[in-house]
Number of protein chains: 2
Amino acid sequence: MATPEPKNKRTEIREAAARLFRDKGYAATSMRDLARAVDLKAASLYNHFESKEDILRQICFDNAHRFLEGLQEVERGTGSATEKLRALISLHIQMATEDVTSITAFNDEWRHLNEPYLSEFKTIRRDYEHRFQAIIEDGVRRGELCSIDPHIATYTIFSSMRWLYDWYKSGRRISTDDLQRDISSLLMKGLSV
Amino acid sequence: MATPEPKNKRTEIREAAARLFRDKGYAATSMRDLARAVDLKAASLYNHFESKEDILRQICFDNAHRFLEGLQEVERGTGSATEKLRALISLHIQMATEDVTSITAFNDEWRHLNEPYLSEFKTIRRDYEHRFQAIIEDGVRRGELCSIDPHIATYTIFSSMRWLYDWYKSGRRISTDDLQRDISSLLMKGLSV
DNA sequence: CCTACCGATCGGTAGG
DNA sequence: CCTACCGATCGGTAGG
């Protein structure tokens, strides 16, 4: 009973889209490609989504909110700046390894959003970056971290895990635990006094 | 005298293409966009390049060879693994800051190459990665670097500088010297014993 | 280097 | 959810 179908089809389309956007890029993915991937005709996709951009929009904003929630939880904690930073690095690795396809589309394809969504997305992103950077600044001020430029540190941390998105496509031969340990230790040691 | 025009126009088109590919992506850049950027009609572009992909091809392979040359020079050196690694990090930062637009297109758009060029490009890239990783493995073996997984270390270093490509688009307020110092010290300290 | 034009494909809609 | 179809735009060519 009830209607389990509609929601599942929507999710199925969204996931197929994330995969195609990651593999071919948003612009190179046609609605006919996507329809084929979910065994539908192109026109039928419009019963589930307003437009091609609507799908991208949901992928981008859903992931943005997941990152923001993770950050908020860390901010509410009572640990040292070092502990918070370590938790944030874990968050990024976790996001990258849990839902790879979606995160890749989120990372690389948001620039294809149209206004006003593009500006809205950039604002959220900038907010995240600033709050992340504030934690590093705090750590430097307290003498927990070395006197690195917090801006450089923030972006270096962000991008240092980007290879996971590409790399997870092919057969991954490293356990998530090893990743956590090695990446986290490299970055934390690099930032230590 | 002579003919300085042809070569200059070719270069002008290539640079405009690199900028457009970086800003909008390869698939979303039309030959009409590119023609407009260099004050030509779309059809005239085909006097300078065989196809749209031909332009991308040149950007990708030129940069691949520049990276390989830099690596070769480092490999020929007699320094320790630590010194070689430091030189390679410098190479990446230098490439990223010297010719940003071209490097971004090289980094993100190569997947739009068609066969057999796609396979050829991936082979070159894999070769570069393996030789880079060999230097890290050597450093670990000699006890110069900590016992991190060399594979994780290699890719973390590669991607840790990727933000430079995006970030250089907007007004850069950090000097190249500061970048060199902070990024290099973060990574080298992170990898030290 | 241009005008004129090609077939293919695009995102999306009408109407059922 | 489909068939049928729209105008727009794509990469590229012919011919000069």
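Throughout, protein chains are lettered first and strands after them, A, B, ... in sequence-line order, and every chain is numbered starting at 1. Predicted model only: the values in this text are computed from it and were never measured.
- Using a 4.0 Å cut-off, no side-chain N or O of B:Ser51 falls inside it from OP1 or OP2 of D:dG11.
- Atom P of nucleotide C:dC1 and atom CZ of B:Arg10 are separated by 13 Å, given to the nearest angstrom.
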Identify the pairs formed between an N or O of the protein and an N or O of nucleotides 6-10 of chain C at a distance under 3.5 Å, and give each distance.
{"from": "C:dC10", "atom 1": "OP1", "to": "A:Ser30", "atom 2": "OG", "distance (Å)": "3.4"}

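- Side-chain N or O atoms of B:Asp138 include none that pairs as donor or acceptor with a backbone N or O of B:Ile135 at under 3.5 Å.
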Task: Watson-Crick and G-U pairing of DNA chain C written in dot-bracket, each distance under 3.5 angstrom, with | for inter-strand partners - done: ||||||||||||||||

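- Under the 30°/60° scheme for interplanar angles, the aromatic rings of A:Phe132 and A:His92 are found to stand perpendicular.
- Under the 30°/60° scheme for interplanar angles, the aromatic rings of B:Phe158 and B:Tyr155 are found to stand perpendicular.
- Both the sub-6.0 Å distance and the 45° axial angle are satisfied by B:Arg10 relative to the ring of B:Phe49.
- Taking both residues in full, the closest heavy atoms of B:His112 and B:Ala27 are given as NE2-CB, 4.2 Å, listed atom of the first, atom of the second, then distance.
- Taking atom NE2 of residue A:His48 and atom P of nucleotide C:dG11, one finds them 17 Å apart after rounding to whole Å.
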Run the side-chain donor-acceptor check on residues 120-127 of chain A: report pairs under 3.5 Å with partners two or more places apart or on a different chain.
{"from": "A:Thr123", "atom 1": "OG1", "to": "A:Ser119", "atom 2": "O", "distance (Å)": "2.8"}
{"from": "A:Asp127", "atom 1": "OD2", "to": "A:Arg131", "atom 2": "NH1", "distance (Å)": "3.0"}

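- Rounded to an integer number of Å, the gap from CG of B:Asn114 to C1' of D:dG12 is 14 Å.
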